[in-house]
Enquirer: 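Got a structure for you, written out below as structure tokens; questions coming shortly.
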Amino acid sequence: MPESSTRTAKASKLISREPLDPKEAVWTRLVKTTYVDPLGVQRTWESAERPTRPKDAQIDGVGVVTILNKPTGPEILLQKQYRPPIDKIVIEVPAGLIDEGETPEQCAVRELKEETGYVGTAETTSTVMYNDPGFCNTNLNMVHVRVDMSLPENQNPKPHLEDNEFIECFSVPLASLYEETKKLEAEGYAIDARVGTLAEGIELVRKLGLKF
């Protein structure tokens, strides 16, 4: 697989930041929640939510964990993508929003093919995970998708990106993911929490000598 797609993850140029008029908002909505705490005190909480979650879905989207079995050992498939809210290129796993009537597994297989070109089979689905529950209600399933590297369609995969997507795919050895995230951060990239959490888990297993 080429180290990058034809639409590489070069940094865009940030022009300005300003408050968003709620009437213009398409992807986010601000919410004020009123609740009573365990002592009976009424309080309020400001948060954000996605108005795009399908009515028949319990999640907003999925993250895709794909391990490529290479001759030199297993490597995790990652991607670089510019994210305007932090004005940085972020190291992420393939991911995307779920469509109406779609299962998390179907969504993961579709997004993997669209963003990386790889054709895979969903194997394991996580619990529902909340990205930042103190700030927003956004959630997802992490889906493990197996990619058979011997299939013809996986020999030279080509992504099918949308006009506003500039994604660069690459892979790193799974065993050294923790060190790789440190190196990428030093190079100026931001590390998505899903990638960072996977790296921390692998490092804990290594440090504690855990066996399963």
Side-chain angles (χ1 to χ4, degrees), residues 1-21 24-30 46-52 59-68 75-98 107-108 111-112 114-118 126 129-143 157-174 176-203:
M1 171 186 174
E3 284 300 301
S4 64
S5 68
T6 56
R7 297 172 65 84
T8 57
K10 294 180 181 178
S12 297
K13 183 180 179 182
L14 185 66
I15 297 175
S16 65
R17 291 187 191 278
E18 59 190 38
L20 175 66
D21 185 336
E24 296 181 48
V26 176
W27 300 101
T28 58
R29 177 168 54 215
L30 292 178
E46 296 178 5
S47 63
E49 66 181 21
R50 285 187 182 275
T52 56
I59 56 171
D60 292 297
V62 300
V64 186
V65 179
T66 299
I67 308 302
L68 305 178
E75 298 190 5
I76 184 169
L77 181 61
L78 300 175
Q79 55 191 35
K80 300 174 183 178
Q81 185 169 192
Y82 174 77
R83 294 300 190 180
I86 61 173
D87 191 27
K88 282 189 175 185
I89 295 177
V90 183
I91 305 301
E92 308 172 342
V93 294
L97 298 179
I98 195 166
C107 179
E111 286 290 347
L112 182 68
E114 289 176 359
E115 294 190 352
T116 74
Y118 278 112
S126 75
M129 299 180 179
Y130 291 85
N131 299 337
D132 189 354
F135 174 70
C136 64
N137 72 336
T138 304
N139 61 11
L140 77 157
N141 285 126
M142 293 292 283
V143 182
K158 290 181 172 54
H160 304 280
L161 301 176
E162 297 180 12
D163 290 343
N164 64 343
E165 289 183 316
F166 297 85
I167 298 174
E168 181 178 344
C169 298
F170 69 109
S171 62
V172 300
L174 189 61
S176 60
L177 179 59
Y178 182 80
E179 291 79 8
E180 292 291 341
T181 58
K182 293 286 188 179
K183 186 186 303 181
L184 287 161
E185 184 181 52
E187 293 174 2
Y189 295 100
I191 309 299
D192 182 86
R194 285 160 285 194
V195 175
T197 301
L198 283 169
E200 290 287 340
I202 293 170
E203 181 67 3

Enquirer: Is the backbone of Val62 close enough, under 3.5 Å, to the side chain of Asn141 for a donor and an acceptor to pair up by distance?
Expert: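 Side chain of Asn141 to backbone of Val62: no pair is present.
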Enquirer: If I take atom CG from residue Asp192 and atom CG from residue Asn131, how far apart are they, to the nearest 0.5 angstrom?
Expert: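 The CG atom of Asp192 sits 8.0 Å away from the CG atom of Asn131.
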Enquirer: Residues in side chain to side chain contact (heavy atoms under 4.5 Å, CB included) with Asn139, at least two apart?
Expert: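 Counting only residues at least two positions away or on another chain, Asn139 forms a side chain to side chain contact (heavy atoms under 4.5 Å, CB included) with Arg53, Ile59, Asp60, Val128, Tyr130.
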Enquirer: So how far is it from Ile67 CD1 to Ser171 OG, rounded to the nearest 0.5 Å?
Expert: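 Reported to 0.5 Å precision, the distance equals 10.0 Å.
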Enquirer: Tell me, do Leu177 and Val172 make a side-chain contact under 4.5 Å, heavy atoms counted?
Expert: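 Result yes, sub-4.5 Å side-chain heavy-atom pair found.
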Enquirer: Just so I know, are the side chains of Thr66 and Thr116 near enough to count as touching, which here means a heavy-atom distance under 4.5 Å?
Expert: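 No; the side chains remain at least 4.5 Å from each other.
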Enquirer: Please give me the minimum heavy-atom distance between Arg194 and Leu140, naming the atom from each residue.
Expert: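 Looking at all heavy atoms of both residues, the shortest contact is NH1-CD1, 3.3 Å.
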Enquirer: Is any side-chain heavy atom of Lys10 closer than 4.5 Å to a side-chain heavy atom of Glu168?
Expert: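 No, side chains not in contact.
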Enquirer: Is it the case that more than 12 heavy atoms not belonging to Glu187 sit under 6.0 Å from its CD atom?
Expert: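 Buried by this count: over 12 neighbours within 6.0 Å.
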Enquirer: Sequence neighbours excluded, which residues qualify as side chain to side chain donor-acceptor pair (under 3.5 Å) partners of Glu185?
Expert: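 For Glu185 there are no side chain to side chain donor-acceptor pair (under 3.5 Å) partners, ignoring immediate neighbours.
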Enquirer: Please list, chain by chain and in numerical order, all residues satisfying salt bridge (charged side-chain N to carboxylate O under 4.0 Å, His left out) with Glu111, sequence neighbours excluded.
Expert: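 Result, salt bridge (charged side-chain N to carboxylate O under 4.0 Å, His left out) vs Glu111: none returned.
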Enquirer: Which residues pass the side chain to side chain donor-acceptor pair (under 3.5 Å) test with Glu165, sequence neighbours left out?
Expert: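 Not a single residue meets the side chain to side chain donor-acceptor pair (under 3.5 Å) criterion with Glu165.
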Enquirer: Would you please name every residue forming a side chain to side chain contact (heavy atoms under 4.5 Å, CB included) with Ala193, sequence neighbours left out?
Expert: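 Scan of Ala193 (side chain to side chain contact (heavy atoms under 4.5 Å, CB included), adjacent residues dropped) gives none.
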Enquirer: Kindly indicate whether the side chain of Thr52, heavy atoms from C-beta on, has any atom under 4.5 Å from the side chain of Trp27.
Expert: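 Of all side-chain heavy-atom pairs linking Trp27 with Thr52, at least one is under 4.5 Å.
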Enquirer: What distance do Leu184 atom CG and Glu180 atom CD have between them, rounded to the nearest 0.5 Å?
Expert: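 Nearest 0.5 Å value for the CG-CD distance: 6.5 Å.
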Enquirer: Would you check if Val64 and Tyr118 make a side-chain contact, meaning some heavy-atom pair closer than 4.5 Å?
Expert: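 A side-chain contact under 4.5 Å is absent here.
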Enquirer: What side-chain hydrogen bond (donor to acceptor under 3.5 Å, both in side chains) pairs are there with at least one residue in residues 12-21, not counting sequence neighbours?
Expert: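 Qualifying pairs: none.
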Enquirer: Got a sec, which residues hit salt bridge (charged side-chain N to carboxylate O under 4.0 Å, His left out) with Glu114, two or more places apart in sequence or on another chain?
Expert: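 Partners of Glu114 under the salt bridge (charged side-chain N to carboxylate O under 4.0 Å, His left out) test: Arg110.
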Enquirer: How would you list, by chain and number, every residue that makes a salt bridge (charged side-chain N to carboxylate O under 4.0 Å, His left out) with Glu49, sequence neighbours excluded?
Expert: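 Testing Glu49 for salt bridge (charged side-chain N to carboxylate O under 4.0 Å, His left out), a comparison that skips the adjacent residues, returns Arg29.
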Enquirer: Taking only residues two or more places apart in sequence or in another chain, which ones pass side chain to side chain contact (heavy atoms under 4.5 Å, CB included) with Glu200?
Expert: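 With neighbours one apart ignored, the set is Tyr178.
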Enquirer: Do other residues, nucleotides or ligands put more than 12 heavy atoms under 6.0 Å from the CG atom of Asn164?
Expert: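 Enclosed.
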Enquirer: Can you tell me how far the OG atom of Ser176 sits from the CD atom of Glu75, to the nearest 0.5 Å?
Expert: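 If I round to the nearest 0.5 Å, the distance is 8.0 Å.
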Enquirer: Looking only at non-hydrogen atoms, find the nearest pair between Ala95 and Gly63 and report the distance.
Expert: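 The pair with the smallest heavy-atom distance is CB-CA, 4.1 Å.
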Enquirer: With sequence neighbours left out, what residues match Leu30 under side chain to side chain contact (heavy atoms under 4.5 Å, CB included)?
Expert: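 So Leu30 forms a side chain to side chain contact (heavy atoms under 4.5 Å, CB included) with Ala48.
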Enquirer: Pairs under 3.5 angstrom only: tabulate donor-acceptor contacts from the side chains of residues 77-93 to other protein residues two or more places apart or in another chain.
Expert:
residue: Gln79; atom: NE2; partner: Glu115; partner atom: OE1; Å: 2.8
residue: Lys80; atom: NZ; partner: Tyr189; partner atom: OH; Å: 3.3
residue: Gln81; atom: NE2; partner: Glu92; partner atom: OE1; Å: 3.2
residue: Tyr82; atom: OH; partner: Asp87; partner atom: OD1; Å: 2.7
residue: Arg83; atom: NE; partner: Glu92; partner atom: OE2; Å: 2.7
residue: Arg83; atom: NH2; partner: Glu92; partner atom: OE1; Å: 3.2
residue: Arg83; atom: NH2; partner: Glu92; partner atom: OE2; Å: 3.3

